[in-house]
Trainee: 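Structure incoming, see below.
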Amino acid sequence: MFWKRAILHVDMDAFFVNIHLLDHPEDRGLPIAVGGNPNGRGVVASASYEARQFGVRSAMPSSQALRLCPTIKFVGHNWPRIGECSRQVMDLLAAYGPLEKMSVDEAYVDISEAADPEGVAFKIRAQIKRETGLPASVGLTPNKLVSKVASDFDKPEGCTIIRPGEERLFLAPLSVRAIHGIGPRTAEQLALLNIYKCGELADIDLSQLRLKFGKNAELLQERARGIDHRPVNDDPGQAKSISQEWTFNDDIEDENYLFDMMEKMAGQVSESLKKRNLVAHTVVVKYRWVDFSTFTRQRTVEVGIDSAAEILATAQAVFQANWNGEKLRLIGVGVSNLERPLGRQLTLFNS
DNA sequence: TCTGGGGTCCTAGGACCC
DNA sequence: TCTGGGGTCCTAGGACCC
């Protein structure tokens with residue numbers, strides 16, 4: 001089989017849970033969830049396959065998970081270990097070709113140069129298990145879009161290969177929600193046209209699709225047909241925004257307490273900016289009221305800033321101009337409009 | 001029954017300028 | 001007195017993803 005383009009998508013299985021099990025083998029076989037406090041406002045980040053049998057899913061409120069599965073064991077995130085394992089997996093993958101990291105537990109690798117891409121797919125999955133002890137699923141197809149679907153097709157520890165020319169047939173029976181970028185809202189819109197499966201979206205008359213989706217119609221249909229020309233991009237580029245937010249266990253209206261929180265968050269945002277050698281021109285404050293309605297208010301400043309004091313002062317000014325004293329369930333501080341500071345280069349030019 | 005945290009990208013309207 | 005078109009920047013919100 002000749003592969004003009006061979007794109008591998010690697011997706012770690014229940015990553016956070018399986019890292020926990022590496023260090024706590026005694027928990028193997030139990031229903032486990034990594035995530036927030038079930039007595040507070042936490043959600044499930046990752047659930048073991050035993051917990052999933054009870055209907056527990058990621059992004060589900062922890063309290064609901066506890067109700068579905070009263071024997072479930074909640075454990076916290078071990079961020080240092082997660083970072084370590086992620087790095088180990090990514091380093092291993094980078095040896096095979098250009099690597100695009102999508103998150104701690106997911107990446108694309110362009111293995112078009114390999115003599116036998118299908119062999120490489122199996123080899124990589126085995127190598128990850130051997131060297132890290134962690135299970136992964138992989139999808140190999142001619143493009144990113146279909147590989148992403150393929151890696152999810154046979155979890156856990158799957159290896160799904162869709163050969164050139166088979167993309168459209170593979171997608172046809174699957175829900176449109178399987179396509180990366182089609183979420184609940186878009187699926188709802190498609191349902192109004194009686195479209196539920198990729199095959200139906202692939203076959204519908206384009207002019208009908210245009211009525212609802214305008215210039216996006218063409219792209220939407222191409223996706224459903226398994227067409228995707230996006231290259232694997234191994235340059236992550238510079239961050240576009242940095243933020244910190246916090247949901248309170250009990251709704252807060254104490255201004256001093258809110259200011260203390262903002263001070264902590266401004267400090268962390270500042271640290272992150274400095275570590276990346278960036279300055280920000282815009283400060284964003286985020287609020288969420290008790291009824292879950294959410295607002296953001298931002299202010300742009302002429303001179304780029306990175307200090308905790310400047311970020312805090314701007315955030316507090318924005319906050320005070322917009323807060324009516326009502327109870328909040330969340331507050332957040334962030335920055336955007338980021339750039340490299342220019343000071344040094346200018347000095348060099350002048351000398 | 002309640003709904004985290006950290007991001008990216010897109011759209012739309014208003015201000016402002018030429 | 002009536003009233004163009006285009007471009008850029010900023011703000012705010014929303015969809016979506018892991």
Side-chain angles (χ1 to χ4, degrees), chain A residues 9-16 33-47 55-69 74 76-77 79 82 86 100-108 144-145 148-149 151-152 176-190 213-216 219-220 223 230 233 236-249 251 261 265 268-269 272 276 280-302 318 321-322 329-338:
Chain A
H9 183 255
V10 179
D11 197 354
M12 302 300 292
D13 301 321
F15 192 48
F16 297 172
V34 177
N37 177 6
N39 302 313
R41 288 171 162 170
V43 300
V44 174
S46 175
V56 175
R57 295 285 179 272
S58 58
M60 170 182 284
S62 298
S63 55
Q64 189 185 351
L66 187 62
R67 239 175 293 120
L68 288 171
C69 178
F74 273 93
H77 292 87
W79 289 116
I82 290 167
S86 177
E100 182 173 349
K101 201 180 142 176
M102 301 308 287
S103 71
V104 285
D105 67 345
E106 201 183 299
Y108 294 100
K144 285 164 62 166
L145 166 73
K148 167 89 180 151
V149 180
S151 70
D152 193 49
V176 290
R177 290 284 273 111
I179 294 174
H180 192 81
I182 298 187
R185 292 284 99 77
T186 307
E188 221 170 84
Q189 295 288 101
L190 287 168
F213 295 97
K215 59 180 181 173
N216 289 327
L219 191 66
L220 212 48
R223 286 181 171 179
R230 291 170 303 166
N233 177 11
Q238 159 194 305
K240 304 213 164 47
S241 67
I242 296 170
S243 64
Q244 291 269 317
E245 61 187 63
W246 186 253
T247 294
F248 308 115
N249 267 329
D251 303 321
M261 288 301 298
M265 294 190 280
Q268 284 169 41
V269 168
S272 180
R276 301 178 213 211
H281 285 271
T282 302
V283 175
V284 188
V285 179
K286 179 170 171 179
Y287 328 68
R288 176 168 292 150
W289 267 274
V290 177
D291 69 357
F292 216 73
S293 57
T294 307
F295 296 80
T296 63
R297 291 294 179 268
Q298 64 188 60
R299 180 172 299 179
T300 295
V301 294
E302 189 96 14
V318 170
N322 293 285
R329 77 145 29 222
L330 169 147
I331 188 138
V333 172
V335 292
S336 62
N337 235 329
L338 311 181

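Each chain gets a letter, A, B and so on, in the order its sequence line appears, and its residues count up from 1. As the structure is a prediction and not an experimental result, all values here were calculated from the model.
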Trainee: Between A:Thr247 and B:dG5, is there a side-chain N or O to OP1/OP2 distance below 4.0 Å?
Mentor: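 A:Thr247 to B:dG5 OP1/OP2: side-chain N or O found under 4.0 Å.
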
Trainee: Between A:Glu245 and A:Arg288, does at least one N-O distance fall below 4.0 Å, as a salt bridge requires?
Mentor: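 Salt bridge flag = no for A:Arg288 with A:Glu245.
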
Trainee: Just jot down the salt bridge (Lys or Arg N to Asp or Glu O under 4.0 Å) partners of A:Glu188, sequence neighbours excluded, or say none.
Mentor: A:Arg185

Trainee: Hey, can you pull the residues of residues 287-300 of chain A with a non-hydrogen atom under 4.0 angstrom from DNA chain C?
Mentor: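 Those residues whose heavy atoms fall under 4.0 Å from DNA chain C, taken from residues 287-300 of chain A in numerical order, are A:Phe295, A:Thr296, A:Arg297, A:Gln298, A:Arg299, A:Thr300.
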
Trainee: Does a side-chain N or O from A:Ser241 land closer than 4.0 Å to OP1 or OP2 of B:dG6, or not?
Mentor: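 Answer no for this pair, as no side-chain N or O of A:Ser241 is under 4.0 Å from OP1 or OP2.
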
Trainee: Within the pair A:Ser103 and C:dC17, is there a side-chain N or O less than 4.0 Å away from OP1 or OP2?
Mentor: no

Trainee: Can you tell me if A:Gln64 touches the phosphate of B:dT3, counting only side-chain N or O atoms and a distance under 4.0 Å to OP1 or OP2?
Mentor: no

Trainee: Would you say a side-chain N or O of A:Arg67 is under 4.0 Å from OP1 or OP2 of B:dC2?
Mentor: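 For B:dC2, OP1/OP2 do not have a side-chain N/O of A:Arg67 under 4.0 Å.
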
Trainee: Please convert DNA chain C into dot-bracket. A pair counts if it is Watson-Crick or G-U wobble with both distances under 3.5 Å; crossing pairs go in [ ] and bases paired with another strand get |.
Mentor: ....||||||||||||||

Trainee: In terms of side-chain heavy atoms of A:Ala59, which of C:dC16, B:dG4, B:dT8 is nearest?
Mentor: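 Closest nucleotide among those given: B:dG4.
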
Trainee: Quick one: is B:dG7 close enough that its OP1 or OP2 comes under 4.0 Å of any side-chain N or O from A:Lys286?
Mentor: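 False: A:Lys286 side-chain N/O out of range (4.0 Å or more) of B:dG7 OP1/OP2.
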
Trainee: With nearest nucleotide decided by heavy atoms, which residue, A:Lys240 or A:Lys215, maps closer to the 5′ end of DNA chain B?
Mentor: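 Its nucleotide being nearer the 5' end, the pick is A:Lys240.
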
Trainee: Would you say A:Gln244's side chain and A:Val269's backbone share a donor-acceptor pair under 3.5 angstrom?
Mentor: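 Answer holds: no.
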
